[in-house]
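Both backbone and side-chain heavy atoms feed into the values below; hydrogens, waters and symmetry mates do not. Counting starts at 1 for both ligands and their atoms, following the listed order.
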Amino acid sequence: MSSGTASRAGGFAGKQAVVTGAGSGIGAALCRALDAAGADVLCTDVDAVAAQRTAAALSPRARSARVDVTDAAAVQAAVDEVVERSGRLDLMFNNAGITWAADTELLTLEHWNAIIDVNIRGVVHGVAAAYPQMVRQGHGFLVNTASMAGLAAAGQITSYVMSKHAVVGLSLALRSEAAAHNIGVLAICPAAVETPILDKGLITGINGREFYRMGQRSSRFYDPDRLARDTLRAIRRNRAVLVAPRKAYPGWLLARYAPGLMQRMSIRFVARQRAAQRDAAAPSEGATR
Ligand SMILES: NC(=O)c1ccc[n+]([C@@H]2O[C@H](COP(=O)([O-])OP(=O)(O)OC[C@H]3O[C@@H](n4cnc5c(N)ncnc54)[C@H](O)[C@@H]3O)[C@@H](O)[C@H]2O)c1
């Protein structure tokens with residue numbers, strides 16, 4: 001573990017952190033966990049009001065800013081502001097993300113470009129802004145929010161899977177060269193987490209919660225505050241990848257060691273999803289009379 005990161009310093013107290021997508025869900029939970037651990041957090045989001053709401057619920061150390069991660073200059077300005085105030089940036093959380101759930105033939109180029117811009121370019125902008133500063137100062141930690149979808153593949157969220165595989169690849173490759181600079185890189189790869197994203201990006205008749213419930217065979221989703229605590233623990237341990245919760249392990253291992261079997265299971269999964277979506281869309285007998 002690097003000297004500038006949490007473990008040798010004994011904790012997160014006084015650490016300077018930027019979180020993107022902090023107005024909701026996992027980003028807001030990361031801000032709460034960091035603030036509770038004593039870090040100074042800049043909560044950023046494209047939704048300025050939501051970012052402000054997150055910061056207002058924290059200690060007076062927390063601040064907020066409107067940052068659209070698709071705007072490289074805005075991400076750079078957020079990093080620069082922290083460095084100008086405190087002389088360093090200890091932790092950068094590239095967390096903002098969107099999703100589309102649909103049969104892929106229904107995605108327009110606008111959909112593809114939006115997910116590339118937010119989920120891939122957004123992380124690239126965070127890395128491009130924070131990493132050179134961390135190299136200059138000789139320490140730091142980057143946390144990129146990927147997903148189990150960055151380690152395994154599921155149809156009907158194909159564009160999302162593409163974007164999260166890119167985030168995992170970027171994180172692991174960068175980690176190998178960042179180590180020499182005393183910089184850690186962590187890709188967090190949670191299964192479905194109880195956040196508003198489960199109800200977003202639904203292009204066709206797909207019910208997001210039902211889609212993810214069928215994927216994990218349970219209607220209980222991972223708690224974002226638990227994920228945030230697990231993430232801080234993974235930073236302390238200088239882990240490369242956080243797969244969580246534990247019930248996600250079998251899917252991860254299967255994708256890794258039995259890709260052919262995983263692919264056959266994925267084909268059956270999409271067929272089951274489509275059948276359930278057709279049933280849900282069909283007007284009931286009672287409704288047609
Ligand atoms: N919830 C899950 O099941 C789950 C699982 C794995 C990974 N993730 C990932 O976690 C991250 C956070 O998602 P969440 O579940 O908290 O969703 P969420 O929708 O609750 O929060 C996402 C936040 O990102 C912000 N955002 C969207 N576009 C932005 C942009 N261009 N610039 C800045 N902010 C922007 C939104 O305003 C929102 O506040 C995403 O990267 C998502 O892909 C979520």
(message) For Met162, is there any backbone N or O sitting under 3.5 Å from a side-chain donor or acceptor partner on His165?
(response) no
(message) To check your reading of the model: name the closest protein heavy atom to atom 31 (N) of ligand 1, its residue, and the distance in Å.
(response) Asp68 OD1, 2.9 Å
(request) Classify the contact between Glu194 and ligand 1 as side chain, backbone, both or neither, using a heavy-atom distance cut-off of under 4.0 Å. (result) neither
(message) Just to be sure I read this right, does ligand 1 sit under 4.0 Å from the backbone of Met148, its side chain, both, or neither, counting only heavy atoms?
(response) neither
(request) Would you name the heavy atoms of Gly140 and Gln137 that are closest together and state the gap between them? (result) CA-NE2, 4.5 Å
(message) I'd like to know whether ligand 1 has Ala51 as a neighbour, heavy-atom separation below 4.0 Å.
(response) no
(message) Determine whether a donor-acceptor pair (N or O, by modelled atom type, separation under 3.5 Å) exists between the side chain of Thr54 and the backbone of Ala22.
(response) yes
(request) Check each atom of ligand 1 against the heavy atoms of Gly25 and keep those under 4.0 Å away; list them by number with element. (result) 16 (O), 20 (O)
(message) Looking only at protein heavy atoms, which one is nearest to atom 5 (C) of ligand 1, and what is the separation?
(response) Ala191 O, 3.5 Å
(request) I would like to know whether Asn238 and Arg175 meet side-chain hydrogen bond (donor to acceptor under 3.5 Å, both in side chains); could you show each step before the answer? (result) CA-CA 10 Å; Asn238 193 16; Arg175 180 181 166 86; 3.2 Å; yes
(request) Select the closest option to atom 41 (O) of ligand 1 among Ile98, Thr145, Asn95, judged by heavy-atom distance. (result) Asn95
(message) Could you tell me if the side chain of Val41 sits less than 4.5 Å from the side chain of Lys15, heavy atoms only?
(response) no
(message) With a heavy-atom distance limit of 4.0 Å, tell me whether Ala28 approaches ligand 1 through its side chain, its backbone, both, or neither.
(response) neither
(message) Among Ala146, Ala50, Ala96, Cys43, which one puts a heavy atom closest to atom 7 (C) of ligand 1?
(response) Ala146
(request) Just do the side-chain contact (heavy atoms from CB on, under 4.5 Å) check on Tyr257 and Trp252 with the steps written out, would you? (result) CA-CA 9 Å; Tyr257 296 112; Trp252 174 39; over 6 Å; no
(message) Can you confirm, on distance only, whether ligand 1 has an N/O atom lying under 3.5 Å from any N/O atom belonging to Lys164?
(response) yes
(request) Indicate yes or no: at least one non-hydrogen side-chain atom of Tyr212 is less than 4.5 angstrom from one of Phe221. (result) yes
(request) Please determine if Arg209 and Glu194 form a salt bridge, counting it only when a charged side-chain N lies under 4.0 Å from a carboxylate O. (result) yes
(message) Please compare Val46, Ile26, Asp45 and report which has the shortest non-hydrogen distance to atom 38 (C) of ligand 1.
(response) Asp45
(request) Return yes if some donor-acceptor pair links the side-chain N/O of Asp47 with the main-chain N/O of Gly23 below 3.5 Å, else return no. (result) no
(message) Ser24 versus ligand 1: do any nitrogen or oxygen atoms come within less than 3.5 Å of each other?
(response) yes
(message) Test of understanding: given a 4.0 Å heavy-atom threshold, classify the contact between Tyr222 and ligand 1 as side chain, backbone, both, or neither.
(response) neither
(message) Under 4.0 Å, counting heavy atoms only: does Tyr160 come that close to any atom of ligand 1?
(response) yes
(request) Starting from atom 32 (N) of ligand 1, locate the nearest protein heavy atom and write down its residue, its atom name and how far away it is, to 0.1 Å. (result) Val69 N, 2.9 Å
(message) Go through it in stages, so that I can follow the logic: the residues are Tyr131 and Ile183, the test is side-chain contact (heavy atoms from CB on, under 4.5 Å), and I'd like the CA-CA distance, side-chain angles, deciding distance and then a yes or no.
(response) CA-CA 9 Å; Tyr131 183 64; Ile183 298 167; 3.7 Å; yes
(message) At less than 4.0 angstrom from any non-hydrogen atom of Leu198, what atoms of ligand 1 do you find?
(response) 3 (O)
(message) Whether the side chain of His125 engages the backbone of Val75 through a donor-acceptor N/O pair (distance < 3.5 Å, no angle test) should be reported.
(response) no
(request) Without swapping roles, check the side chain of Ser159 against the backbone of His111 for a donor-acceptor pair under 3.5 Å. (result) no
(request) Please report which non-hydrogen protein atom sits nearest to atom 19 (O) of ligand 1, along with the residue it belongs to and the distance in Å to one decimal place. (result) Lys200 NZ, 2.5 Å
(request) Please write down residue, atom name and distance for the protein heavy atom closest to atom 24 (O) of ligand 1. (result) Gly21 CA, 3.5 Å
(message) Below 3.5 Å, N or O to N or O, backbone or side chain included: is there any such pair between Ala192 and ligand 1?
(response) no
(request) Compare Gly208, Ala29, Gly23, Gly97 and give the one whose heavy atom is closest to atom 22 (C) of ligand 1. (result) Gly97
(request) May I ask you to check if ligand 1 and Val193 share an N or O to N or O distance below 3.5 Å? (result) yes
(message) Is it true that, when you exclude Arg272 itself, more than 12 heavy atoms of the residues, nucleotides or ligands shown sit nearer than 6.0 Å to its CZ?
(response) yes
(message) Checking the side chain of Gln273 only, and the main-chain atoms of Phe211 only, is there a donor and an acceptor separated by less than 3.5 Å?
(response) yes
(request) For the residue pair Tyr160 and Ile98, establish whether any side-chain heavy-atom pair is separated by less than 4.5 Å. (result) no
(request) For Gly122 and ligand 1, answer yes if some heavy atom of the residue is under 4.0 Å from a ligand atom, otherwise no. (result) no
(request) Below 4.0 angstrom from a heavy atom of Val67, which ligand 1 atoms are there? Numbered from 1 as shown, please. (result) 32 (N), 33 (C)
(message) I want to confirm something. Looking only at heavy atoms, which of Thr195, Asp199, Val118 is nearest to atom 1 (N) of ligand 1?
(response) Thr195
(request) Among all protein heavy atoms, pick the one closest to atom 17 (O) of ligand 1 and tell me residue, atom and distance. (result) Ile197 CB, 3.2 Å
